[in-house]
Chemist: 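Here it is, the structure, as structure tokens.
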Amino acid sequence: MTSYALVTGASSGIGRELARLLAKDGNNVVLVARRKAELEVLARELESTYRVIARVVPCDLGDAAARDALLAAVADVDVDILVNNAGFGSNGKFWENDAVREVGMVELNVTALTDLTRRLLPAMVLRGRGRVLNIGSTAGFQPGPWMTTYYATKAFVNSFTQALAYELRGTGVTATVSCPGPVATEFSSIAGNDKSALFKKSGGVAEPAAIAHEAYQAMLQGKPMIVHGARNKLAASASKVSPVALTTAIAASLNRRIS
Ligand SMILES: NC(=O)c1ccc[n+]([C@@H]2O[C@H](COP(=O)([O-])OP(=O)(O)OC[C@H]3O[C@@H](n4cnc5c(N)ncnc54)[C@H](OP(=O)(O)O)[C@@H]3O)[C@@H](O)[C@H]2O)c1
């Protein structure tokens with residue numbers, strides 16, 4: 001069967017850049033997100049620029065039945081690379097945030113990622129080749145008040161992927177988690193934290209193409225984890241040896257809206 005890379009959240013930001021890198025290296029791609037028009041534009045770009053096949057599968061990954069339909073739509077190909085990138089956040093007091101949205105965040109950031117990985121991984125292991133790239137976050141290294149659910153979902157992604165990478169040793173399949181800090185995408189306005197100190201003051205907002213490039217290289221090298229940028233690496237190391245009360249307070253001050 002023909003080999004493909006499946007990218008979730010390919011309609012914007014980091015996922016779109018990852019799809020470009022995969023296609024540039026000659027990989028056929030399955031582009032997944034809710035916005036069909038954006039996916040179609042990207043598919044035409046990739047097909048004409050890199051001469052690969054780009055399939056568009058519009059899908060609300062937060063919906064279990066829609067995930068079934070997605071997997072049925074790719075049952076005729078070998079998905080040798082799975083990029084679980086789709087995700088979103090929210091900002092505010094947890095108990096005041098929209099309840100459906102908070103649960104939907106867990107369904108997308110955690111459940112969909114687990115579901116797609118669990119259902120696509122056995123065939124990769126059987127073939128003795130494959131890559132899983134999950135987009136976690138530096139948010140996963142400590143609790144994050146005002147973005148409580150989001151930080152917790154990313155703690156799951158970071159932990160899940162590193163443990164999976166260990167289990168996969170010797171199978172020919174690798175798992176990598178990419179942990180960016182703030183990135184200039186639609187994420188911050190959708191999460192409502194574009195007015196937080198993290199995005200307005202940190203001075204360390206990265207470009208999605210740079211993050212995608214580093215994540216992609218780490219995936220090719222089979223690294224279990226990549227933390228992007230010197231400042232984030234330092235913060236990640238510090239969080240391992242600092243009292244959780246301190247790292248929680250720092251995250252709270254970064255997430256609080258300042259205008
Ligand atoms: N930007 C940052 O500061 C930052 C930092 C660390 C980690 N991350 C992580 O990076 C990943 C990519 O985010 P980004 O920064 O590139 O943000 P983005 O530009 O908002 O992209 C998010 C992508 O997820 C898709 N998506 C959202 N809900 C979906 C759903 N229910 N079903 C299917 N697709 C869905 C969106 O497409 P549709 O709207 O078309 O569905 C979009 O393609 C996320 O996991 C995010 O948590 C971001």
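The model shown is predicted, which means the values in this text are computed figures rather than measured ones. Sequential numbering from 1 along the given sequence is applied to the chain's residues. We count ligands from 1, going down the list as the structure has it; atoms in each ligand are counted the same way. Values below: all heavy atoms of this structure, side chains included; hydrogens, waters and symmetry mates excluded.
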Chemist: Work out whether the distance between some heavy atom of Cys179 and some atom of ligand 1 is less than 4.0 Å.
Modeler: no
Chemist: So which heavy atom in the protein is nearest atom 26 (N) of ligand 1, and how far is it from that ligand atom?
Modeler: Ala86 CB, 4.0 Å
Chemist: Is the closest heavy-atom distance from Lys154 to ligand 1 below 4.0 Å?
Modeler: yes
Chemist: Which is closest to atom 22 (C) of ligand 1 in terms of heavy atoms, Gly87, Ala10, Ala33?
Modeler: Gly87
Chemist: Before you tell me yes or no, could you show the steps for Ser239 and Gln142 under side-chain hydrogen bond (donor to acceptor under 3.5 Å, both in side chains), namely the whole-Å CA-CA distance, both residues' side-chain angles and the distance that decides it to 0.1 Å?
Modeler: CA-CA 7 Å; Ser239 73; Gln142 63 286 300; 4.6 Å; no
Chemist: Counting non-hydrogen protein atoms only, what is the nearest one to atom 36 (C) of ligand 1? Give residue, atom name and distance.
Modeler: Ser11 OG, 3.8 Å
Chemist: In a check of side-chain hydrogen bond (donor to acceptor under 3.5 Å, both in side chains) between Asn84 and each of Thr117, Thr8, Asp115, Thr114, which one passes?
Modeler: Thr117
Chemist: Consider only side-chain N and O atoms of Tyr150 and Asn91, and report whether a donor and an acceptor are under 3.5 Å apart.
Modeler: no
Chemist: Could you see which bit of Asn85 sits under 4.0 Å from ligand 1, with heavy atoms only: side chain, backbone, both or neither?
Modeler: both
Chemist: Pick one: which of Arg129, Lys223, Arg131 meets side-chain hydrogen bond (donor to acceptor under 3.5 Å, both in side chains) with Thr174?
Modeler: Arg131
Chemist: Which option, Ala66, Gly15, Gly9, owns the non-hydrogen atom nearest atom 25 (C) of ligand 1?
Modeler: Gly9
Chemist: Atoms of ligand 1 less than 4.0 Å from Gly13 heavy atoms?
Modeler: 16 (O), 19 (O)
Chemist: Between Arg67 and Glu107, does any side-chain N to carboxylate O distance fall below 4.0 Å?
Modeler: yes
Chemist: If we only count N/O pairs under 3.5 Å, is Leu108 in contact with ligand 1?
Modeler: no
Chemist: Is there at least one pair of N or O atoms, one from Pro182 and one from ligand 1, spaced under 3.5 Å apart?
Modeler: no
Chemist: Should you measure from each heavy atom of Ser12, which atoms of ligand 1 turn up under 4.0 Å away?
Modeler: 18 (P), 19 (O), 21 (O), 42 (C), 43 (O)
Chemist: Provide, to 0.1 Å, the distance between atom 47 (O) of ligand 1 and the closest protein heavy atom, together with that atom's residue and name.
Modeler: Tyr150 OH, 2.6 Å
Chemist: Please verify whether a non-hydrogen atom of Cys59 lies at under 4.0 Å from ligand 1.
Modeler: yes
Chemist: Report yes if Gly136 has an N/O atom closer than 3.5 Å to an N/O atom of ligand 1; otherwise report no.
Modeler: no
Chemist: What protein heavy atom sits nearest atom 3 (O) of ligand 1, and how far off is it?
Modeler: Val183 N, 2.8 Å
Chemist: Measuring from the heavy atoms of Ile135, does anything fall under 4.0 Å of ligand 1?
Modeler: yes
Chemist: Would you check whether Arg35 has a nitrogen or oxygen atom less than 3.5 angstrom from a nitrogen or oxygen atom of ligand 1?
Modeler: yes
Chemist: Just which atoms of ligand 1 are under 4.0 Å from any heavy atom in Asp60?
Modeler: 30 (C), 31 (N), 32 (N)
Chemist: State plainly whether the residues Arg119 and Asp68 are in salt-bridge range, i.e. N to O under 4.0 Å.
Modeler: yes
Chemist: Thinking salt bridges, do Glu38 and Arg16 make one under a 4.0 Å N-O criterion?
Modeler: no
Chemist: Only heavy atoms of Ile190, strictly under 4.0 Å: list the atoms of ligand 1 that pass.
Modeler: 20 (O)
Chemist: Grab the two heavy atoms, one from Val77 and one from Arg55, that are nearest each other, plus how far apart they are.
Modeler: CG1-NH2, 3.6 Å
Chemist: Would Ala139 count as a contact residue for ligand 1, given that I'm defining contact as a non-hydrogen atom of the residue lying under 4.0 Å from a ligand atom?
Modeler: no
Chemist: When you check the gap from the basic side-chain N to the acidic O, do Arg44 and Glu40 get nearer than 4.0 Å?
Modeler: yes
Chemist: Look up atom CG in Leu39 and atom OG in Ser11, then write down how far apart they are to the nearest 0.5 Å.
Modeler: 5.5 Å
Chemist: Do Asn134 and Thr161 have side-chain N/O donor and acceptor atoms under 3.5 Å apart?
Modeler: yes
Chemist: What atoms of ligand 1 come closer than 4.0 angstrom to any heavy atom of Phe199?
Modeler: 3 (O)
Chemist: Run the salt-bridge test on Glu186 and Arg35 with the 4.0 Å N-O cut-off and return the result as yes or no.
Modeler: yes
Chemist: In terms of atom number and element, which parts of ligand 1 are under 4.0 angstrom from non-hydrogen atoms of Ile14?
Modeler: 10 (O), 15 (O), 16 (O)
